[in-house]
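Take a look at the structure set out below.
As the structure is a prediction and not an experimental result, all values here were calculated from the model. In this chain, numbering begins with 1 at the start of the sequence shown.
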Amino acid sequence: LGVHNVILTDVAIATINELMARHPVRRLLQHTFHTLLIGNVENCNAHFAGAKSFAVTLFSHDAKEVAALASAHLRDFDLHDFTPDTQFERRGTTETPFPYPYRDNVLELWAANLDYVRDYLALYYADDDAVRADAHLARWADTLDGLLPNPVSRPDGAITREWLARVRSLLHLLRCRRSCL
């Protein structure tokens with residue numbers, strides 16, 4: 001629910017509506033949307049909507065209760081909860097006295113992805129002022145905030161190059177997590 005039907009769908013809609021095809025951030029995100037929207041109807045129906053959906057069958061709740069659980073979950077939605085470094089930090093598992101290969105692999109993938117996106121964005125945006133000067137990007141972020149259950153917090157309320165890199169890297173990781181992790 002949170003990843004596929006909320007985050008990625010909302011990002012796809014905001015990006016397609018607010019960023020022109022040649023915008024550098026849309027170019028960076030576009031492959032993330034491949035087949036995303038077409039699969040959402042099937043995904044919703046199979047997982048949440050019907051009396052015989054996956055969530056209803058698995059958890060033995062009726063569809064109304066499953067919808068109430070989903071609504072409660074979305075009230076506390078924070079996009080930053082999905083970033084791997086934040087997840088491990090909030091769980092208190094950034095460091096452990098035992099080997100934790102899953103964490104190490106995820107953080108390594110996260111770091112590589114984040115470095116790539118930072119380098120890419122640096123080609124188009126010299127600094128935070130350049131990011132904030134992009135009116136299309138500001139509309140994209142505002143549209144995304146309006147679509148997600150809760151707005152994406154920004155440092156001092158402004159879009160920065162680092163904020164954009166982290167949000168974009170997260171979106172890629174979420175989209176490919178089945179095949180990447």
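Taken to the nearest 0.5 Å, the CG atom of Leu148 stands 10.5 Å off from the CG atom of Asp78. Here Arg168 contributes atom CZ and Leu121 contributes atom CG; the two are 8.5 Å apart, rounded to the nearest 0.5 Å. Separating the CG atom in Leu114 from the CD atom in Glu162 is a distance of 5.5 Å, to the nearest 0.5 Å. Once rounded to the nearest 0.5 Å, the distance linking CG of Leu109 with CG of Asn105 reads 8.5 Å. With rounding to the nearest 0.5 Å, the separation of CG in Leu79 from CG in Leu171 is 6.5 Å. One finds the OH atom of Tyr124 at 10.5 Å from the NE2 atom of His23 (value rounded to the nearest 0.5 Å).
Within the structure, salt bridge (Lys or Arg N to Asp or Glu O under 4.0 Å) pairs that include any residue of residues 141-152 comprise Asp142-Arg154, Asp145-Arg154 (at least two apart or interchain).
One N or O on the side chain of Asp127 and one on the backbone of Asp129 form a donor-acceptor pair closer than 3.5 Å. Put simply, the side chain of Thr83 never gets that close to the backbone of Asp85: no donor and acceptor are under 3.5 Å apart. Using modelled atom types, one side-chain atom of Thr94 and one backbone atom of Glu89 make a donor-acceptor pair closer than 3.5 Å.
Between Asn150 and Phe77, the shortest heavy-atom contact is ND2-O, 2.8 Å. In plain terms, the two heavy atoms of Val106 and Pro84 that are nearest each other are CG1-CB, 3.5 Å. Across all non-hydrogen atoms, the minimal contact from Ala21 to Arg27 is O-CG, 3.8 Å. Nearest heavy-atom pair, Arg118 versus Ala165, reported as atom, atom and distance to 0.1 Å: CG-CB, 3.8 Å. Closest approach of Tyr125 and Arg161 over heavy atoms only: O-NH1, 2.6 Å. The two residues Ser169 and Asn113 come nearest to each other via the heavy atoms O-ND2, 2.9 Å.
Between Asp134 and Trp140, every side-chain heavy-atom pair lies at or beyond the 4.5 Å cut-off.
In the hydrophobic cluster analysis, where Ile, Leu, Val, Met, Phe, Trp and Tyr join through side-chain heavy atoms closer than 4.5 angstrom, Leu164 is grouped together with Leu123.
Around the CZ atom of Arg91, the shell of radius 6.0 Å holds more than 12 heavy atoms that belong to other residues, nucleotides or ligands.
Among residues two or more places apart in sequence or in another chain, the ring-ring contact (aromatic ring centres under 6.0 Å, His included) test is passed with Phe88 by Tyr100. Under the rule for a side chain to side chain contact (heavy atoms under 4.5 Å, CB included), the partners of Thr143 that lie at least two apart in sequence or sit in another chain are Ala14, Glu18, Leu147.
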